[in-house]
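Worth knowing before you read on, the calculation uses all heavy atoms, side chains too, and leaves out hydrogens, waters and symmetry mates. Computed from a predicted model, the values in this text were never measured in an experiment.
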Amino acid sequence: MNADAPRDEGLSQAAHMDLNGVPLFSLLTGRMTWLSARQAVLSQNVANADTPNYVARDIKPVDFESMVSGLNAGTQLRTTDVRHIAVRAGGTAGFEEEDASGEGGTPGGNVVSVEQEMIKVSDTQIQYQTASNLYQKAVNMFRTALGSRTG
């Protein structure tokens, strides 16, 4: 009997583990989905910066308690592999939109501040990169715990 056989079976099962069942991965996926939806809304604001009477929109922040309790569960895209990250479909992915607070406006009634929107876009991008890095670190930690050194 090969001493490595049980270890190989464990790695084979781990390679097909659904990470969305792990709360940390589920929370990070939810956060990245929210950030993607926010990025889409912010880009619409920038695209409509010269549209008369356009009011800037934003996605309502999701508090931690509702994120943990799964109140924002929406339609999921079909994943064909357990290693895929499930991302909710649609522009705002079921997140609630609200009018963004802003100052001033133009004579045409437009209340989009391109500078403010670009600051929000940059902040959203940084938060997404942080969540993505945390996700990758957690995956690497699982691999290390399972004895796999490949990535």
Side-chain angles (χ1 to χ4, degrees), residues 11-106 108-151:
L11 287 176
S12 175
Q13 290 173 357
H16 300 290
M17 181 178 170
D18 180 15
L19 295 179
N20 286 323
V22 179
L24 173 64
F25 293 108
S26 173
L27 287 172
L28 287 171
T29 299
R31 180 67 176 168
M32 290 189 295
T33 301
W34 182 86
L35 290 166
S36 293
R38 184 172 194 227
Q39 193 80 342
V41 170
L42 295 175
S43 65
Q44 288 175 359
N45 291 345
V46 172
N48 288 297
D50 292 329
T51 304
N53 298 317
Y54 183 81
V55 178
R57 308 283 295 160
D58 203 349
I59 302 291
K60 261 191 169 175
V62 179
D63 66 311
F64 184 73
E65 184 177 341
S66 67
M67 196 172 195
V68 170
S69 63
L71 295 176
N72 290 313
T75 306
Q76 296 274 333
L77 293 176
R78 184 169 179 223
T79 55
T80 57
D81 190 293
V82 294
R83 292 172 289 181
H84 292 167
I85 299 173
V87 178
R88 293 184 184 111
T92 60
F95 296 108
E96 192 175 337
E97 285 189 46
E98 62 185 1
D99 289 344
S101 58
E103 298 178 7
T106 64
N110 186 312
V111 237
V112 177
S113 166
V114 176
E115 293 82 11
Q116 279 296 108
E117 296 304 309
M118 294 310 291
I119 290 170
K120 290 178 188 177
V121 165
S122 177
D123 181 54
T124 302
Q125 182 180 5
I126 290 167
Q127 289 182 43
Y128 189 92
Q129 186 63 47
T130 301
S132 178
N133 287 343
L134 285 171
Y135 194 98
Q136 186 60 46
K137 295 291 183 190
V139 167
N140 289 341
M141 196 168 46
F142 265 75
R143 286 185 178 144
T144 300
L146 294 172
S148 173
R149 296 177 195 263
T150 61

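Between atom CG of residue L27 and atom CE of residue M32 there is a gap of 11.0 Å, rounded to the nearest 0.5 Å. Summarising the geometry, atom CG belonging to D58 is positioned 11.0 Å from atom CD belonging to Q116; distances are rounded to the nearest 0.5 Å. From Q44, atom CD reaches atom CD of Q39 across 11.5 Å, with rounding to the nearest 0.5 Å. A distance of 10.5 Å separates CG in L35 from CG in L28, rounded to the nearest 0.5 Å. Between the CG atom of L134 and the CD atom of Q129 there is a distance of 10.5 Å, given to the nearest 0.5 Å.
Between L24 and A138, the shortest heavy-atom contact is CD2-CB, 3.7 Å.
Side chain of S122 to main chain of I119: no donor-acceptor pair is present (N/O by atom type, distance under 3.5 Å, no hydrogens or angles).
Partners of D123 by side-chain hydrogen bond (donor to acceptor under 3.5 Å, both in side chains), not counting sequence neighbours, listed by chain and number: Q127. In this structure, the side-chain contact (heavy atoms from CB on, under 4.5 Å) partners of M118, at least two apart in sequence or on a different chain, are V46, V114. For Y128, the ring-ring contact (aromatic ring centres under 6.0 Å, His included) criterion is met by no residue, not counting sequence neighbours.
Evaluated for a side chain to side chain contact (heavy atoms under 4.5 Å, CB included) with R57, the options N45, V112, L42, N48 yield exactly one hit, N45.
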